[in-house]
Protein chains: 2
Amino acid sequence: MAVAENATRPGGRTARVRADVLKAVEAELAEHGYDGLTIDGVAARSGVHRTTVYRRWGTVAGLLVDLLAAGVDDSWAPTDTGSLEGDLMKLNREIHDALAVAPSLTVAVISSSFRTPEAADALRAFWEDRYTRSAVVVQRAIDRGEVPPDTDPQRVLMTATAPIYHQLVLLRQPLSRVAAEQYARDSAAAARAGIYGH
Amino acid sequence: MAVAENATRPGGRTARVRADVLKAVEAELAEHGYDGLTIDGVAARSGVHRTTVYRRWGTVAGLLVDLLAAGVDDSWAPTDTGSLEGDLMKLNREIHDALAVAPSLTVAVISSSFRTPEAADALRAFWEDRYTRSAVVVQRAIDRGEVPPDTDPQRVLMTATAPIYHQLVLLRQPLSRVAAEQYARDSAAAARAGIYGH
DNA sequence: CGGTTAATGCGACGAATGTTGCATTAGGAT
DNA sequence: ATCCTAATGCAACATTCGTCGCATTAACCG
């Protein structure tokens, strides 16, 4: 996923350059948004030469992919609140916060994923990982006897989380935090009612 | 929404140029996908001069917006199948078909909506219109006594349709037609169970 | 018919965007 | 310390993108 990992010479300067560039990416993103994010701008702000940025990252999408790789938390796991509804609400709050902040790094990465296949792949891998890890909240609910044993985790998670992405990212409608929580509550209630059985 | 409507001289040549250009847009889109869609390419293929395309449409997003405007069906309304589940399944099948075809015009417009505010506005208006019209399927279900009177149409529609967009457009996972139908069934079942009450 | 004029065609231009060859610098190894 | 070389800096170049002024064409109007 990362661009500059496994370099043959990951020494001091290379690491410093990468840090400077990624810091500049974040700053430029905050200042001009994704549309205004340009290689030249990042190079100028970071003090690194244009050519270096082009050679190591290639495109704007590459920069964002690397920024995402540098920031991922490999130890992430969904919180165990003791109930399916609580777990899903926690998940939805996290998603809502990541999307509702302006400018949103997540939305920026989504944007770039429509431009280059590499960014699309990186994002797909990231999401696949997250949704796979998230499935345990449903398994825990099954183990607790909270929902039927044949409950489909995929549908539970999709029903809970997809509306937030859809409204905030695609429809670009405002969506309050409580509305995001409501979708979690609805999904949990439907799961308890046995609607997501096979 | 349209770019070239209400022109002061919507005569033969202007209309012909527009038709040629939009036809070229579709062809280029099918050939190179959205990433490879460029003003110069469209101009070359259509036989219309670069400058003309720049003047009338300005950006790639403008071309797609106009293509969308030329293709919209203003008389669209959700089919009345006699049941909420049937109506939602019909909706989801339409959405699935629009997104699963490659290359998808809908996905192309979504892509461009991340680049320019005009495309974003056009898409938002289009979707607001569609979701507003779609709300009648819930109202009909209420009138039939199929679901509680306080059922929230927004949540019913979002829960049914958002997962399709999420999986096909953002997650870029394959999604079968029957899986899309399943989300409609789930949403209808949850609505009947009174989960989407206020 | 001819006249008017919006729309288009045309070429040239400037700016932004990537690319390439070569010089320089600074990790890392001996 | 010194050498080796990957990484970076640098400048020039090619290409693409978008704009502008002006000539030309062809709808629309009388």
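All chains are named by letter (A, B, ...) in the order of the sequence lines, taking the proteins before the strands, and each is independently numbered beginning at 1. Please read all numbers here as calculations on a predicted model, not as lab measurements. These values consider heavy atoms only, across backbone and side chains, with no hydrogens, waters or symmetry-generated copies.
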Are a donor atom and an acceptor atom from the side chains of Thr38(B) and Asp40(B) found within less than 3.5 Å of each other?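 Checked: Thr38(B)/Asp40(B) side chains show no N/O donor-acceptor pair below 3.5 Å.
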Does any donor atom in the side chain of Tyr183(A) or Thr159(A) lie under 3.5 Å from an acceptor atom in the other side chain?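 No pair is found: no donor N or O on one side chain lies under 3.5 Å from an acceptor on the other.
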Under 4.0 Å from any atom of DNA chain C, heavy atoms only: list the residues of residues 108-116 of chain A that qualify, in numerical order.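 Going residue by residue through residues 108-116 of chain A, none turns out to have a heavy atom under 4.0 Å of DNA chain C.
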Give a yes/no on whether any side-chain N or O of [X] is located under 4.0 angstrom from OP1 or OP2 of [N].
X        : N       : value
Thr14(B) : dA7(C)  : no
Thr38(B) : dC17(D) : yes
Arg16(B) : dA27(D) : yes

Residue list, side chain to side chain contact (heavy atoms under 4.5 Å, CB included) with Ala193(B), at least two apart or on another chain: Ile195(B)
Between the base of dT8(C) and the side chain of Arg50(B), is one N or O donor paired with an acceptor at under 3.5 angstrom? no
Which of the following nucleotides, dC10(D), dG9(C), dT8(D), is nearest to the side chain of Thr51(A)? dC10(D)
Nearest to the side chain of Tyr54(B), which nucleotide is it out of dC10(C), dT8(D), dC17(D)? dC17(D)
Thinking salt bridges, do Asp121(B) and Arg124(B) make one under a 4.0 Å N-O criterion? yes
Using a strict cut-off of less than 4.0 Å between a Lys/Arg side-chain nitrogen and an Asp/Glu carboxylate oxygen, indicate whether Asp129(A) and Arg133(A) qualify as a salt bridge.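 Judged by the 4.0 Å cut-off on N to carboxylate O distance, Asp129(A) and Arg133(A) do form a salt bridge.
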When the C1' atoms of the five terminal pairs at each end define the local axes, what inter-axis angle does the helix from dC1(C)-dG30(D) to dT30(C)-dA1(D) show, to 10 degrees? 30°
From [atom1] of [X] over to [atom2] of [N], roughly how many Å is that when rounded to an integer?
X        : N       : atom1 : atom2 : answer
Ile39(B) : dT19(D) : CD1   : P     : 9 Å
Arg55(B) : dG11(C) : CZ    : C1'   : 12 Å
His49(B) : dA23(D) : NE2   : C1'   : 12 Å
Arg18(A) : dG27(C) : CZ    : P     : 17 Å
Asp40(B) : dT16(D) : CG    : P     : 9 Å
His32(A) : dA16(C) : NE2   : C1'   : 16 Å

Test side-chain contact (heavy atoms from CB on, under 4.5 Å) on His96(A) and Glu181(A) and set out the steps. CA-CA 9 Å; His96(A) 179 270; Glu181(A) 294 172 352; over 6 Å; no
Ring centres under 6.0 angstrom apart (Trp76(A), Phe126(A)):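 No, the ring of Trp76(A) stays outside the 6.0 Å limit from the ring of Phe126(A), centre to centre.
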With a distance cut-off below 6.0 Å to the six-membered ring centre and an angular limit of 45° from the axis, does Arg172(B) pair with Phe114(A) as a cation-pi contact? yes
Would you indicate whether the side-chain heavy atoms of Arg56(A) and Thr14(A) approach each other to under 4.5 Å?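 Thr14(A) vs Arg56(A): side chains touch.
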